[in-house]
Amino acid sequence: VSRVRLDNIGRLWSRGHAVDTAAVLVDGERVAWAGPAAQAPARQDGEEVVDCGGRLVTPGLVDAHTHPVYAGHRFAEIAARSAGATYSEVAAAGGGIVATVSATRAAAPAELRAAVRARFAAWLAAGTTTVEAKTGYALTRDGELAAVRLLRELVEPASPRVSATFLPLHAVPPGWAGSADSYVDEAVTWCADAAAAGADSVDAFCDAGYFTVEQSRRLLTAGAAAGLIPRVHADELERTGGSQLAAEIGAASADHLLRIEPADVEALAGAGVVATLCPGTALAMGARPPARALLDGGVTLALGSDHNPGTSGVTGMALVVALAVAVLDLSVDEALVAATVGGARALRVDAERGAVRAGMLADLVAWDAPHEGAFAWAWGLPAYAVWLGGRRVR
Ligand SMILES: [Zn+2]
């Protein structure tokens with residue numbers, strides 16, 4: 001069946017506007033019509049009708065910041081940190097990002113692929129139809145390129161749509177301590193191959209203890225020259241200038257932004273850089289990005305789970321939306337806009353994702369509630385049905 005009618009939608013939410021008692025017509029992989037049920041085009045022969053049972057329907061959610069290409073886990077370290085172990089104690093005991101780099105490098109390709117595939121299945125089942133996914137736990141040329149290829153292989157109906165981000169500047173890898181500049185020189189030469197392997201974007205962890213603005217600029221400008229979209233982990237631990245760099249080079253997004261000041265808001269707004277905020281990470285760090293000032297300044301917000309092996313196993317954007325309301329003081333509408341069209345803009349795919357209207361990809365979710373307010377109440381509102389490009393995948 002190529003034509004599907006989502007009928008008996010209790011409430012249809014898109015881009016901050018809601019219509020009660022609605023219908024959506026899907027033709028092939030795209031939305032053909034959406035609006036009040038009373039105005040819907042007449043039924044056609046052979047059309048499949050899905051009764052949404054009065055539920056809320058929204059665009060599929062977009063997770064705009066994740067680190068899912070890793071092997072192993074760090075649960076013992078997380079338990080130790082919860083009992084007061086410091087980051088340096090954890091690092092001295094062989095924990096931290098270096099532990100994940102070792103486990104990821106040691107993993108058999110099939111094992112790593114299976115782990116990533118299972119994570120993506122969880123994202124999709126929970127109503128996230130687009131996931132930005134970063135490399136960054138191999139930190140060698142071949143390993144980083146293999147991670148890009150792995151992400152590309154997972155683009156299939158059983159996985160969400162994936163935006164693959166090449167992140168060789170995630171940390172200074174083991175063996176390069178004291179020679180970060182030389183490592184950056186190496187990584188710069190991998191950009192063209194990463195683009196050829198299927199990466200969409202390039203990213204750098206521009207922060208205290210990681211990479212400087214100058215090092216990050218070198219990678220991101222080389223990546224842009226190779227056709228990759230730049231994005232920046234910016235001003236999370238300290239205000240070192242990542243947001244200003246994002247504005248200067250025209251990055252698609254600046255992410256985290258826990259330490260930014262008004263001048264940074266102005267720079268991001270002026271350059272049209274999307275602010276990708278990760279409320280779970282903000283909660284864990286005990287610092288909040290100035291979400292209201294960003295919105296007031298005209299900056300588009302996106303949201304990310306920041307899924308990573310050290311601090312977040314979240315694969316449910318419905319929880320991230322609830323956290324955005326609680327931690328960032330956004331309204332439910334603002335949080336959902338950030339989790340749909342905002343995320344699509346951060347990934348530069350908003351021409352066909354992030355809203356429910358004719359011509360857009362039919363990435364849709366029927367939620368187990370009749371109203372979007374349930375997101376801020378359920379702390380992980382379950383998806384009842386998920387469509388990816390018009391195909392029902394849950
Ligand atoms: Zn990150």
Side-chain angles (χ1 to χ4, degrees), residues 62-70 74 78 87 96-101 104 116 119-120 123 128 130-139 144 147-148 151 162-173 187 194 199-211 215-216 219-220 223 228-240 242-243 245-246 251-260 273-285 287-289 301-315 317 320 323-324 327-328 338-339 342-343 346-347:
V62 178
D63 191 337
H65 188 127
T66 84
H67 300 260
V69 190
Y70 62 88
R74 286 162 36 202
I78 291 163
Y87 196 84
I97 187 172
V98 171
T100 295
V101 170
T104 304
V116 179
R119 287 168 202 141
F120 278 122
W123 259 292
T128 301
T130 293
V131 176
E132 185 269 4
K134 303 174 195 297
T135 68
Y137 290 110
L139 306 180
E144 289 294 304
V148 171
L151 288 169
V162 173
S163 282
T165 297
F166 175 55
L167 174 59
L169 302 197
H170 193 193
V172 178
D200 303 292
S201 299
V202 61
D203 193 351
F205 194 173
C206 179
D207 217 316
Y210 291 85
F211 296 94
Q215 290 165 342
S216 303
L219 177 81
L220 298 174
L228 300 171
I229 302 169
R231 49 189 84 254
V232 190
H233 282 70
D235 303 314
E236 178 190 1
L237 309 175
E238 289 181 23
R239 181 173 180 256
T240 64
S243 303
L245 174 64
S253 69
D255 300 37
H256 291 303
L257 310 179
L258 302 184
R259 319 287 171 185
I260 60 172
V273 179
V274 175
T276 297
L277 306 182
C278 302
T281 307
L283 189 60
M285 299 285 294
R288 297 174 187 206
L301 300 186
L303 293 175
S305 64
D306 196 18
H307 179 101
N308 74 83
T311 60
S312 168
V314 173
T315 51
M317 280 300 290
V320 175
L323 286 167
V327 177
L328 306 180
L347 305 183

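Just so you know, ligand 1 is whichever comes first in the structure, and atom 1 is the first atom listed for that ligand.
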Minimum heavy-atom distance between Pro279 and Leu303, given as atom pair plus value: CD-CD2, 4.1 Å

Side chain Glu236, main chain Leu257, donor-acceptor under 3.5 Å: no

Non-hydrogen side-chain atoms of His67 and Asp306 separated by less than 4.5 Å: yes

With Phe205 via ring-ring contact (aromatic ring centres under 6.0 Å, His included) - residues at least two apart: Tyr210, His233

Sum of protein N, O or S atoms, each under 2.8 Å from the Zn ion (ligand 1): 3

Asp235 (side chain) donor-acceptor with Thr240 (main chain) under 3.5 angstrom: yes

Backbone of Gly310 reached by a side-chain donor or acceptor of Thr100 within 3.5 Å: no

